[in-house]
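Protein chains get the first letters and strands the later ones, always in sequence-line order, with residue 1 at the start of each.
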Number of protein chains: 2
Amino acid sequence: MRTLLHLRFRVAEIKNVTVFLLTDLERSNYECEKYRMFWEDALVKERVTVVDIAHAAGVSKSTVSLVLQGSPLVNEVTRAKVNATIRELGYVYNRSAANLRQSKSKIIGIVVNDLTNSFFAELAVGVDAVVQSAGFVQFLANTSEKIERQREVVASMREHGVSGLIISPARGTEAADLAPLVDSGIPVVLVVRDIADAGVSSLTSDNHAGAVAAVRHLIERGHRRIAFLGGFPDTAVFEARMRGYRDALLEAGLDAADALVVGSAPSRAGGVTAIEQAMMLADRPTAALCFNDAVAFGVCDGLRARRLEPGADFAVIGFDDVIEAKTAVPALTTVSVDPQGMGQRAAELLLKQINAGRAEAESIIGSVRLVVRQSCGAAIERRTREALS
Amino acid sequence: MRTLLHLRFRVAEIKNVTVFLLTDLERSNYECEKYRMFWEDALVKERVTVVDIAHAAGVSKSTVSLVLQGSPLVNEVTRAKVNATIRELGYVYNRSAANLRQSKSKIIGIVVNDLTNSFFAELAVGVDAVVQSAGFVQFLANTSEKIERQREVVASMREHGVSGLIISPARGTEAADLAPLVDSGIPVVLVVRDIADAGVSSLTSDNHAGAVAAVRHLIERGHRRIAFLGGFPDTAVFEARMRGYRDALLEAGLDAADALVVGSAPSRAGGVTAIEQAMMLADRPTAALCFNDAVAFGVCDGLRARRLEPGADFAVIGFDDVIEAKTAVPALTTVSVDPQGMGQRAAELLLKQINAGRAEAESIIGSVRLVVRQSCGAAIERRTREALS
DNA sequence: CTTGAAATTTGGAACGATCTAAATTATTCG
DNA sequence: CGAATAATTTAGATCGTTCCAAATTTCAAG
């Protein structure tokens, strides 16, 4: 036999609803239905709050609040009752109200300079994973490299009370642009691109060492005319990678001709134009270190357009190790930066600072490693070697 | 001669600060400095609120609020004074408080099933552009195709009071999963994947027509054994595209052998495995329509691994028209879905519903068009034709 | 001057949670 | 059984904004 719950309401005001739950089988079904309608009406009319839950469960709003916070102070029986009511009335927690009172939120902001670049999309995914599991949600904004837009989104995030910010700064961002944000005391972690004297933590990768390793590898494989292709020359990342390229050449006693360094947009399309320009040189390069993987893919495209097979006829090395690098044909030799892992570490660093209250700014330079695949010709050489032996 | 501003404070309570601005040159610099320190101390200690601004500017908090909202009711002189004070004290608007009072926010949520797929990254960029210019910010979450994660993020977004939601549902999402959200009355726009009977607006693309157009094109170019490669067979999008493929074959009197339809993950890696499987068939296909561009790129990679040149030796058509499709080599023939444009339209649809309060659910099926580039062999044929004429 | 209308400004009550300090109830133990 | 203690529960203030209704000031016309 199932027990019917009959519900009676006393509607004091439009919002002040007291609910009596009676297991009274004598009430007619009609009456039950009637009041149920009242009830549902009240539900759709106004949003359910802790006070409603408190009334319905027959406790005070303080108790409901304690239950919501999972406090150990509240009796198990009470907790169960409150939780049941919460589910029954379809209560939705209002974080705006909580944020207001506690003056802290469970939101972190992440602003990237180019979301269409899969490096940054993966970075965001890495951040998301960590941040979600810590009970935060992320505000994500894309600046498209525009400083003005960056200013806007950062301001907007501050207004929403984010408790921390992960920023991959737009091109040309200066310490002064970040000053108001930093002064406000909100933890900030810079990723990918560091900004001198900004006084905040940063997480970059060892671009110089990566470039050195890549160029050394090309030199070992016998290349002498090595180009550096793609990227905007006015960024710190470009500067570091290019310096690594230069240093490795000098170390080997090779000259680093300026003509072999050709900048371009750090995209696939940019890679195509960069390799075209490089191949116009009288003394053509036989290998290239590319600013990033997107450029490297573009370079492969450009080579094919000239009937050259990347890997076999021309060695290509990328930078970043995006997901596609592994499955591309030929698989891309690249300096692995692990964007998702970087996002995760950035998120962890940020969370640490948020929890610590006020931490010293730390600069972490993540190590990178050269992942040798086919596009630099290694596999082909190995095959040849195997055939000979 | 420059005028020095001397500042004197009366500190009633820790937070109740009244500021008198006097142009009084008789006050000593020392005193000025002393009070400035008080001032700055107050600034770092507590956050600046409308009340602080009101006191400092000598008006009521109501007036400050009106200025903040750009109300035409307030006198120009007053407005200027208040704005100056706001800038001076470095006031930051607290949206949590405003949201609480107004019970509405300027936040929209966007949840995608796979952010590492550049189709969705671009979709998000499109949404962001529209939404930002309407003064909203976006919460972005990535579900990685996991229904449980999707449930969590949607709940979290509701708690934060988003005024609307754009969802590209995870695989296997049912109308029942969305019911509580829909019942709450929050405007929802489904993108990419529609869900039957969910009762919400949706914005999909004409997958059937796109597939038909693509396959017709291949048939016109003389292909008879055409494969359909990639994608998870249990999604509506797969179903629609595959049906279009079938219909176009039948229309031409060709038989649609089951063996020529090979599913896989809708990624580059999936494309590689799909084409490998298809090429194992006794009666190999000479062309393929791929589930999406990522698969198509994978198929090209797989072909090259077999020493076949996409475009010349095997015709490949993709679906989506992601940014890279244009610059790839060979440029990818694909059914253009315009992810950024789709994101923009979804955002516009959502904003319309938010402003309208309660709008009828509308299902928009965006038209698609076949963009013929090189990967289906068209360019080669054209070149041949030109050579002959 | 008045006077009435128009233009500005304002006090104080919301919004929905949390938190403190105090009140209430339950339990233990001599 | 009563006091002491532990375990629960609660009233009421508070966070920073908006909004209503009412107060105040300004201004033009009589």
Side-chain angles (χ1 to χ4, degrees), chain A residues 13-17 45-83 85-86 89-107 158-161 163, chain B residues 13-17 45-83 85-86 89-107 158-161 163:
Chain A
E13 294 163 316
I14 203 96
K15 276 216 51 234
N16 220 350
V17 183
K45 189 162 255 139
E46 301 275 338
R47 75 163 11 179
V48 182
T49 75
V50 272
V51 179
D52 299 325
I53 305 285
H55 283 170
V59 296
S60 78
K61 62 176 163 32
S62 305
T63 305
V64 177
S65 176
L66 289 175
V67 171
L68 252 24
Q69 295 165 77
S71 162
L73 265 55
V74 33
N75 185 297
E76 272 316 314
V77 180
T78 315
R79 181 194 307 282
K81 187 170 56 181
V82 169
N83 278 329
T85 315
I86 284 175
L89 299 195
Y91 166 74
V92 176
Y93 185 78
N94 183 336
R95 269 180 209 280
S96 284
N99 290 350
L100 175 57
R101 181 63 229 257
Q102 303 182 305
S103 58
K104 68 169 189 187
S105 74
K106 285 292 218 171
I107 306 176
R158 285 186 64 190
E159 292 185 355
H160 280 95
S163 13
Chain B
E13 295 164 316
I14 201 98
K15 276 216 51 232
N16 221 351
V17 183
K45 189 162 256 137
E46 302 275 337
R47 83 177 323 174
V48 182
T49 74
V50 273
V51 180
D52 300 324
I53 304 287
H55 284 169
V59 296
S60 77
K61 63 178 162 33
S62 304
T63 305
V64 177
S65 176
L66 290 174
V67 171
L68 251 25
Q69 296 165 75
S71 162
L73 265 57
V74 35
N75 186 296
E76 272 317 313
V77 180
T78 315
R79 180 194 308 282
K81 187 171 54 185
V82 170
N83 278 328
T85 315
I86 284 175
L89 299 195
Y91 167 74
V92 176
Y93 185 77
N94 183 335
R95 268 178 211 282
S96 284
N99 290 350
L100 174 57
R101 180 61 230 254
Q102 302 182 306
S103 59
K104 67 167 192 191
S105 75
K106 285 292 217 171
I107 307 176
R158 286 185 65 189
E159 292 185 355
H160 279 95
S163 6

Just checking B:Ser96: base, sugar-phosphate only, or nothing, at a heavy-atom cut-off of under 4.0 Å? nothing
Nearest-angstrom distance from the residue atom [atom1] of [X] to [atom2] of [N]:
{"X": "A:His160", "N": "D:dG16", "atom1": "NE2", "atom2": "P", "value": "17 Å"}
{"X": "B:Ile53", "N": "D:dT18", "atom1": "CD1", "atom2": "C1'", "value": "16 Å"}
{"X": "A:Asn99", "N": "C:dA17", "atom1": "CG", "atom2": "C1'", "value": "10 Å"}
{"X": "A:Asn94", "N": "C:dC15", "atom1": "CG", "atom2": "C1'", "value": "8 Å"}
{"X": "A:Lys106", "N": "C:dT18", "atom1": "NZ", "atom2": "C1'", "value": "15 Å"}
{"X": "B:Lys104", "N": "D:dT18", "atom1": "NZ", "atom2": "C1'", "value": "10 Å"}
{"X": "B:Arg95", "N": "C:dG16", "atom1": "CZ", "atom2": "P", "value": "20 Å"}
{"X": "B:Leu100", "N": "C:dT18", "atom1": "CG", "atom2": "C1'", "value": "12 Å"}

All side-chain hydrogen bond (donor to acceptor under 3.5 Å, both in side chains) counterparts of [X], not counting sequence neighbours:
{"X": "B:Thr85", "result": "none"}
{"X": "B:Ser60", "result": "B:Thr63"}
{"X": "B:Gln102", "result": "none"}
{"X": "A:Ser65", "result": "A:Gln69"}

Any protein N or O atoms within reach of nucleotides 12-14 of chain C? Criterion: under 3.5 Å, listing atom names and distances.
residue: C:dG12; atom: N7; partner: B:Lys61; partner atom: NZ; Å: 2.8
residue: C:dG12; atom: O6; partner: B:Lys61; partner atom: NZ; Å: 3.1
residue: C:dG12; atom: O6; partner: B:Ser62; partner atom: OG; Å: 3.4
residue: C:dA14; atom: N3; partner: B:Arg101; partner atom: NH1; Å: 3.1

Not counting sequence neighbours, which residues clear side-chain contact (heavy atoms from CB on, under 4.5 Å) with B:Leu66? List them please. B:Ser71, B:Val74
Would you please name every residue forming a side-chain contact (heavy atoms from CB on, under 4.5 Å) with B:Leu100, sequence neighbours left out? A:Asn94, A:Ala97, A:Leu100
So, is A:Ser60 near the phosphate of D:dT10, with a side-chain N or O under 4.0 Å from OP1 or OP2? yes
A:Gln102 side-chain N/O to C:dC19 phosphate OP1/OP2 under 4.0 Å: yes
Return the minimal non-hydrogen interatomic distance between A:Ile53 and A:Tyr91, and the atom names on each side. CD1-CB, 3.6 Å
Considering non-hydrogen atoms only, spot the tightest contact between A:Gly161 and A:Ser105 and give its length. O-OG, 2.5 Å
Pairs involving residues 91-103 of chain B, ordered by first then second residue, that meet salt bridge (charged side-chain N to carboxylate O under 4.0 Å, His left out) (sequence neighbours left out): A:Glu159-B:Arg95
Tell me which pairs pass salt bridge (charged side-chain N to carboxylate O under 4.0 Å, His left out) where either residue lies in residues 62-72 of chain A, with sequence neighbours left out. none
Apply salt bridge (charged side-chain N to carboxylate O under 4.0 Å, His left out) to A:Arg79 and list each qualifying residue two or more places apart in sequence or on a separate chain. A:Glu76
Within residues 63-77 of chain B: residues closer than 4.0 Å to DNA chain D (heavy atoms): B:Ser65, B:Gln69
When the rotation axes relating C1' atoms of four end pairs to the next four are compared across the helix from C:dC1-D:dG30 to C:dG30-D:dC1, five pairs an end, they differ to 10° by 40°
